[in-house]
Amino acid sequence: VPELGRAALVVCLGLCAYAAAAGALAAYRRRRRLAVSAQNALVGAFGAAAVAAGVLLVGLIRHDFSLTYVAQHTSRKLPTLYTISAFWGGQEGSLLLWLFVLSGYAALAVLLDRHAGRELLAWVVPVLGFVGSFFALLLVAVASPFATQAAPADGAGLNPSLQNPYMVAHPPMLYLGYVGLTVPFAFAMGALLAGRTDERWIVSTRRWTLLAWGFLGVGQLLGAHWAYVEVGWGGYYAWDPVENAALMPWLAATAFLHSVMVQEKKGMLKVWNMLLVIMAFGLSLFGTFLTRSGVINSIHSFTESSIGPWFLGFICLVVAASLTLLFVRLPLLRSKTRLESLVSREATFLYNNLLLVALTLTILWGVTYPMLKEALTGEGVTVGRPWYDFFLRAFGLPLLLLMGIGPLIAWRRASTRSLVRTLAWPTATAVVCGALLIAAGAGSSWPGLVAYTFSAFVLASILLEFARGTTARRALSGSSWPVAFGELVARNRRRYGGYVVHAAVLLLAVGIAGSSAYQTVRDATLRPGQSARVADYRLVYTGVTQRQAANHTEARALVDVYRGGAFLGTMRPGKNSYPAEQQISNEMAIRTDWLRAEDLDVISEDIAPNGTVHFRFLKKPLVNLIWLAGIVFVGGSLIALWPDAREERRLATRYGPAQAPARA
Amino acid sequence: VTLALVLGALLAVACVVFVARPFLREPSAREDVVLEPNARRLERAEERDRSLAALKELEFDHRTGKVSDEDYRELVGPLRRRAAALLEETRASEPA
């Protein structure tokens, strides 16, 4: 049924193009029925994209190798779960996922954001339609997932590193994040096009940004865990361009989620917020371009790629058009208020934003410099870990500290006396923690020591915020401590959800510092019966076993683990050989000790035919805090995202009478 | 003509009908206009809410010790006066 898939994509393209053109005309001429018709086109586009996605999914599950995409990315022996995840294992499927998610978001935005104001929504629809048209056009004319061929007996299979449960969830999560940033962009552009720079676009935008940002964050952590357990090099983040592609829009969105509060509370930073939304969306497009155009491998593969030049052209068009529009509307975006003091909550948000944007631009330069250099001189260069690590410390550590200072400073201005009083406990906690860490030998790594000390400061400040808030709430309502605590969080979900997310970042910082600054690494080539020592572990290599699985052969080195003479278990690092894909994957063995909060990792780098194995052993303290951070992050994001009936009523009061009546 | 193409055509027809629905439901609408909100009233309502929120925030910051008594006394008066003025202004501008 590839014809149905192709037809659905053509229908989707037609609907998106109609939404863009008719939507723009309706908004310009203020035609209500045409505007609603354009909104319906976006909902219809989602239906058409869902049909196309369903056709590809059926083709994958039925092993329809007459579809070139299915033959290139699956095989008969590929387990069903990975056959389904092959949907996003290749370029055409990924683009279809982009379109499917985008049209879903667009339909939801149209249905849920009617309160934003009809004349604003009327301008949001053509922007969403325009972006949708680009992706639908790519799928119809340039990179169709429904290209057909004479069906071979079997397919080429899926890249072994993608045959991992994390790869089932990681790409869709990232796409939900990348694509989700289109909606805030559309609202920002809609507000500029409509010439309406009141806060209605901000109300809609921050919710969609929070959602997309949450998905992007979870997607990155899933990707990091996949890299840790599957890629088999003992790390979880390599500053790879593909990883950076997701980090950059996330950092820009993080900056926006902070600065948007300054606009809401003080009516300031309007231009800056617009710039951040454009930046986040532009970087999400750039991220997709990086991962899909082949430009990372070489500038030549980019020019040979079918979609690379299209993507680059679209990114340039989007950035140029949105910046021009912003420039034209600058007079509408002037703030009436000014920063009252450099020591205030809004000032700390500003510092936080400057650091986040500086970090984003540094990473962007690290990613683009090798491409520019190769394009201009033909020379290949790489920007390695030292560059990124330096700037992560330079910008990341002050950011960590600000995370603790910001919540403790009042809006408008803070006097020295109240500042000293409010910062006293967190500072004392940090100093004591730092002294204890130095006494415990943590001074061997100064970035690690600083990260831990700052983390102690932030943790104390978060706990203090919850404690003081609960006390104040209890004094007001006279309720019990747990009830007062619940009321405190429920009455200001964004603030306290944000603090929970700060706690997640804290866990992440401690996990990263512990597992990188204080890890132990040991390489050893062992014959059966020989052993090696890693910190307080003794590891005895006993031999190699082999097993035939559904679509691959497993070779495993058996390593017995001892500590203090006690046998702890057997670890099985090894390699998988995939005949259909003609690839070999490295399978790391991980032993987690929750009580000691550390992982012992064993990698068999090379297994010789005579049974000799070259091993890499790693002891990684606190690495599991990184994954725990993911759970806390989801919790905090959900608290912040949870609908607040009080706020809904307030917005209804604010915009209800101000809105002129309009009919659907 | 294959079944897939027939299904594709049906999908296209269904989408066209759905897109044309506003015109089919109201073939001759009397008010076919996206009405603009009153920008001045919107601005006042936002200013009023911002001012009330700032007052609430100041009270909370004072209660949690982030704002000293002296700062509180200095800041609360102007904020209260501004909030009251904006409340009065928005009430006066609302239709009876």
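Chain letters run A, B, ... following the sequence lines, proteins first and then strands; every chain starts at 1.
Chain A forms more heavy-atom pairs under 4.5 Å with one residue of B:Asp49, B:Leu7, B:Leu58, B:Val16 than with any other, namely B:Asp49. Ranked by non-hydrogen atom pairs under 4.5 Å with chain B, the options A:Ala414, A:Ala22, A:Gly267 are led by A:Gly267. With chain B as partner, the option from A:Arg6, A:Gln39, A:Arg29, A:Arg421 having the largest number of non-hydrogen pairs under 4.5 angstrom is A:Arg421. Comparing B:Ala14, B:Gly8, B:Ala9, B:Cys15 by heavy-atom pairs within less than 4.5 Å of chain A, the highest count is held by B:Cys15. Counting heavy-atom pairs closer than 4.5 Å to chain A, the top residue among B:Arg50, B:Arg48, B:Arg25 is B:Arg50. Chain B forms more heavy-atom pairs under 4.5 Å with one residue of A:Leu476, A:Thr471, A:Val43, A:Asn492 than with any other, namely A:Leu476.
Using a 4.5 Å cut-off between heavy atoms, A:Ala35 touches chain B through its side chain atoms alone. Only the side chain of A:Leu488 comes within less than 4.5 Å of a heavy atom of chain B; its backbone N, CA, C and O stay farther away. If you measure heavy-atom distances from A:Arg33 to chain B, the contacts under 4.5 Å come from both the backbone and the side chain. Only the side chain of A:Glu465 has a heavy atom closer than 4.5 Å to any heavy atom of chain B. At a 4.5 Å heavy-atom cutoff, the contact between A:Lys336 and chain B is made by side-chain atoms alone. Heavy atoms of B:Ala12 lying under 4.5 Å from chain A belong to its backbone as well as its side chain. With a 4.5 Å cut-off on non-hydrogen atoms, A:Arg31 touches chain B through its backbone and its side chain both. Looking at A:Ser415, both its backbone and its side chain come within 4.5 Å of chain B, counting heavy atoms on both sides. Using a 4.5 Å cut-off between heavy atoms, B:Glu57 touches chain A through its side chain atoms alone. B:Leu24 does not touch chain A: none of its heavy atoms, backbone or side chain, sits under 4.5 Å away. Heavy atoms of B:Asp71 lying under 4.5 Å from chain A belong exclusively to its side chain. Contacts between A:Leu15 and chain B at a heavy-atom distance below 4.5 Å involve the side chain alone, from C-beta outward. With a 4.5 Å cut-off on non-hydrogen atoms, A:Arg412 touches chain B through its side chain but not through its backbone. For B:Glu70, the part lying near chain A is the side chain, with the backbone staying farther off; criterion is any non-hydrogen pair under 4.5 Å. Only the side chain of A:Arg196 comes within contact range of chain B, with at least one heavy atom under 4.5 Å from a heavy atom of that chain. In this structure, the portion of B:Glu74 lying under 4.5 Å from any heavy atom of chain A is its side chain and not its backbone.
Atom CG of B:Leu11 sits about 7.0 Å away from atom CG of A:Leu4, to the nearest 0.5 Å.
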(message) Evaluate A:Arg491 against B:Phe60 for side chain to side chain contact (heavy atoms under 4.5 Å, CB included), listing each step before the verdict.
(response) CA-CA 12 Å; A:Arg491 290 178 80 90; B:Phe60 192 76; over 6 Å; no
(message) Assess the residue pair B:Phe23 and A:Leu34 against the criterion (side chain to side chain contact (heavy atoms under 4.5 Å, CB included)); give the C-alpha distance rounded to whole Å, side-chain angles, the decisive distance to 0.1 Å, and a yes or no.
(response) CA-CA 8 Å; B:Phe23 297 101; A:Leu34 193 59; 3.9 Å; yes
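Here the closest heavy-atom approach between residue B:Thr64 and residue A:Ala472 is recorded as CG2-CB, 4.0 Å. When all heavy atoms of A:Asn40 and B:Pro22 are compared, the closest pair comes out as ND2-CD, 3.7 Å.
A:Arg30 places a side-chain N or O within donor-acceptor distance of the main-chain N or O of B:Val34, the cut-off being under 3.5 Å. Side chain of B:Asp32 to main chain of A:Arg32: a donor-acceptor pair is present (N/O by atom type, distance under 3.5 Å, no hydrogens or angles). Under the 3.5 Å distance criterion, the side-chain polar atoms of B:Lys66 are left unmatched by any main-chain donor or acceptor of A:Trp411. A donor-acceptor contact shorter than 3.5 Å is absent between the side chain of A:Ser418 and the backbone of B:Val67. Formation of a donor-acceptor pair under 3.5 Å by the A:Glu199 side chain with backbone atoms of B:Glu46 is not found in this model. No donor-acceptor pair under 3.5 Å is formed between the side chain of B:Arg21 and the backbone N or O of A:Ser37.
Partners of A:Lys270 by side-chain hydrogen bond (donor to acceptor under 3.5 Å, both in side chains), not counting sequence neighbours: none found.
In this structure the side chain of B:Leu3 never reaches within 4.5 angstrom of the side chain of A:Glu3, judged on heavy atoms.
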